[in-house]
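Here is the naming used below: chain letters follow the sequence lines, and residue numbers restart at 1 for every chain.
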Number of protein chains: 2
Amino acid sequence: MNPLLAHIVDDDEAIRDALTWLLRTRNVASRTWSSAEEFLAAWQPDFHGCVVLDIRMREMSGLECFDVLLERGNNMPVIFLTGHGDVPMAVGALKKGAFDFLEKPFDDNALVDVVIRAVESDARRMASQEAQATMSSRLAQLTPREIEVMHLVLTGKFNKVIADELNISMRTVEVHRSRVFEKMGVRSAVELAQLLAPGRD
Amino acid sequence: MNPLLAHIVDDDEAIRDALTWLLRTRNVASRTWSSAEEFLAAWQPDFHGCVVLDIRMREMSGLECFDVLLERGNNMPVIFLTGHGDVPMAVGALKKGAFDFLEKPFDDNALVDVVIRAVESDARRMASQEAQATMSSRLAQLTPREIEVMHLVLTGKFNKVIADELNISMRTVEVHRSRVFEKMGVRSAVELAQLLAPGRD
DNA sequence: TTCCACACTGCGGATGACCACAATTGCTGC
DNA sequence: GCAGCAATTGTGGTCATCCGCAGTGTGGAA
């Protein structure tokens with residue numbers, strides 16, 4: 001259903017092939033690109049899995065490619081490979097959010113383990129992001145006034161108080177409140193609060 | 001009120017003094033130790049600020065010291081300094097949660113900037129941890145039955161339904177519910193949900 | 001102009017939440 | 001045994017919520 005997938009960006013065909021083969025034996029599919037430019041041209045916001053990125057490549061380097069991905073809002077974990085890395089480079093990459101930073105020659109199993117952790121991490125991210133997308137689409141259905149009322153409801157205020165603050169009648173607040181519950185698919189203010197505040201219990 | 005504080009662990013007195021002086025000019029206080037052992041012996045769970053940790057020291061290394069801190073549940077950001085670090089060492093430290101990893105010779109201003117970011121980050125952590133501690137102490141005051149009822153209340157169920165599920169009368173549920181609100185310092189189920197689900201809006 | 005979404009309001013009733021008053025049972029510790 | 005806490009239940013009343021029914025007004029789209 002959700003195939004594990006690694007995006008391999010390296011200008012060395014031997015590395016690409018070796019990695020692809022290695023990952024296949026561990027049940028992870030691969031897509032390969034021979035340059036950062038090529039990968040970036042193909043990249044879409046809905047890409048999932050992880051990125052294995054060689055640092056030293058002709059033209060655009062892996063680090064530059066990473067920066068572009070960050071600008072574009074990429075969410076996939078990025079694993080760097082390098083033969084000539086130094087400490088500041090590794091530190092900088094990790095602090096920017098890279099998933100890992102491995103030096104060549106690397107242990108095959110170690111790399112595959114890292115890739116698997118990365119794709120699994122991405123799968124978890126996708127799952128939580130999906131729930132969030134549902135929320136956003138529901139919130140988008142609310143009228144401005146409904147959103148306003150919803151926020152006040154979420155503070156635990158009585159309808160009477162909300163009515164006073166908005167200078168409208170209690171009945172109107174009730175109507176908005178009811179519509180909010182209906183559109184958000186909940187049956188009480190508590191459920192709404194839980195929905196808008198995930199990760200609990 | 002909350003003095004910015006750096007814990008400097010380095011067996012080179014010249015470095016300790018230089019760092020202390022540098023930080024003082026930027027309004028950050030320092031405490032210094034000449035070995036990891038000495039620092040660990042003094043360490044208390046309520047230490048705050050940040051740790052500046054040299055990696056190569058006689059006896060216990062900075063990395064070993066870091067591991068001990070992690071076991072003990074240290075929360076302070078740890079900044080590593082090293083003259084002979086390598087990439088795997090830096091990557092390992094950062095993935096374990098180190099705040100930064102700097103190579104000597106380092107730029108004075110850069111280090112001070114990092115330290116300041118670290119102590120500020122710790123101050124934020126302390127603030128949120130404090131709120132969480134308040135929560136925990138309040139939750140600790142609840143009886144088992146009250147906690148049980150609270151969880152059901154937080155699902156948005158009616159008192160009647162909760163009563164059925166626990167095989168008790170509605171009146172009893174009301175009493176527990178009321179005590180929960182009282183002990184948790186809230187006035188409605190929505191406020192309770194907000195309290196137990198921070199970081200929203 | 002007609003239709004429609006949105007905001008607004010009132011009335012009255014059913015249901016749920018909350019509370020003061022009052023009380024019983026069981027267990028723990030002095 | 002008695003004090004104290006936790007859990008339990010009932011009565012009766014007040015306040016809040018929820019909802020159907022009914023209606024007004026406004027601004028934008030067809």
Side-chain angles (χ1 to χ4, degrees), chain A residues 131-198 200-201, chain B residues 131-198 200-201:
Chain A
Q132 198 180 324
T134 303
M135 279 302 315
S136 299
S137 71
R138 285 180 178 175
L139 282 174
Q141 292 178 358
L142 299 179
T143 67
R145 201 54 159 173
E146 283 165 357
I147 292 175
E148 206 168 351
V149 171
M150 183 182 70
H151 282 159
L152 293 171
V153 166
L154 287 177
T155 65
K157 289 186 169 76
F158 292 146
N159 287 350
K160 193 202 312 187
V161 179
I162 297 174
D164 284 349
E165 289 191 19
L166 297 180
N167 284 315
I168 56 181
S169 79
M170 241 182 68
R171 187 67 187 90
T172 306
V173 175
E174 289 174 19
V175 172
H176 287 316
R177 183 183 181 125
S178 177
R179 288 228 186 291
V180 168
F181 289 174
E182 183 188 341
K183 290 182 179 175
M184 300 297 289
V186 298
R187 297 185 64 249
S188 71
V190 176
E191 281 184 43
L192 186 64
Q194 297 288 349
L195 204 63
L196 264 51
R200 193 58 35 187
D201 259 47
Chain B
Q132 197 180 325
T134 303
M135 278 304 314
S136 298
S137 71
R138 285 181 177 175
L139 281 174
Q141 292 176 0
L142 299 179
T143 66
R145 200 55 157 173
E146 282 165 0
I147 292 175
E148 207 168 351
V149 171
M150 183 183 72
H151 282 159
L152 293 172
V153 166
L154 286 177
T155 64
K157 290 186 168 77
F158 292 147
N159 287 351
K160 194 200 318 188
V161 179
I162 297 174
D164 284 348
E165 291 192 17
L166 298 179
N167 283 314
I168 56 180
S169 79
M170 238 182 73
R171 186 66 188 87
T172 306
V173 174
E174 288 175 20
V175 173
H176 286 316
R177 183 183 182 126
S178 178
R179 287 225 187 294
V180 168
F181 289 173
E182 184 188 340
K183 290 183 181 176
M184 301 298 289
V186 299
R187 298 185 65 250
S188 70
V190 175
E191 281 184 42
L192 187 64
Q194 298 288 350
L195 205 62
L196 265 50
R200 196 54 36 186
D201 258 45

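A/Arg171 and A/Glu174 are joined by a salt bridge, as a carboxylate oxygen and a charged side-chain nitrogen come within less than 4.0 angstrom of each other. B/Glu148 has a carboxylate O that lies under 4.0 Å from a charged side-chain N of B/Arg145, or vice versa, which qualifies the two as a salt bridge.
Between B/Phe181 atom CZ and D/dA16 atom P there is a gap of 15 Å when expressed in whole angstrom units. For B/Asn159 and D/dG10, the CG to P distance is 14 Å, given to the nearest whole Å. Remark: P of D/dC5 and CD of B/Glu146 are 13 Å apart, rounded to the nearest angstrom. Summarising the geometry, the separation between CG on A/Leu152 and P on D/dT17 is reported as 13 Å, rounded to the nearest angstrom. Rounded to an integer number of Å, the gap from B/Leu142 CG to D/dC5 C1' is 15 Å.
Interatomic distance, CD1 of B/Ile168 versus NE2 of B/His176, reported as 5.0 Å (0.5 Å rounding). A/Thr143 OG1 to A/Lys183 NZ: the interatomic distance, rounded to the nearest 0.5 Å, is 5.0 Å. Taken from CG in B/Asp164 to NZ in B/Lys157, the straight-line distance is 11.5 Å, to the nearest 0.5 Å. Within the model, atoms CG of B/Leu195 and CG of B/Leu154 stand 10.0 Å from one another, a figure rounded to the nearest 0.5 Å.
For A/Gln194 (side chain) and B/Thr155 (main-chain N/O), no donor-acceptor pair under 3.5 Å exists by modelled atom type.
Minimum interatomic distance between A/Val153 and B/Val190 (heavy atoms only, all atoms of both residues): O-CG1, 3.7 Å.
Contacts between residues 160-176 of chain B and DNA chain C, defined by a heavy-atom separation under 4.0 Å, are made by B/Lys160, B/Arg171, B/Glu174.
Within the structure, every side-chain polar atom (N or O) of B/Thr143 is placed at least 4.0 Å from both OP1 and OP2 of D/dC5.
Contact of the B/Val173 side chain with the B/Leu152 side chain is not registered, since no non-hydrogen atoms from C-beta on lie closer than 4.5 Å.
Boundaries of the chain A contact region on DNA chain C are C/dC6 to C/dC11, first to last in 5' to 3' order (nucleotide atom under 4.0 Å from a heavy atom).
Over its length, the helix from C/dT1-D/dA30 to C/dC30-D/dG1 turns its helix axis by 40°, as judged from the five terminal pairs at each end, rounded to 10°.
When each of A/Arg179, A/Met184, A/Arg177 is paired with A/Phe181, the side chain to side chain contact (heavy atoms under 4.5 Å, CB included) condition holds for A/Arg177 and for no other.
Atom CD of B/Gln132 has 12 or fewer heavy atoms from other residues, nucleotides or ligands within 6.0 Å.
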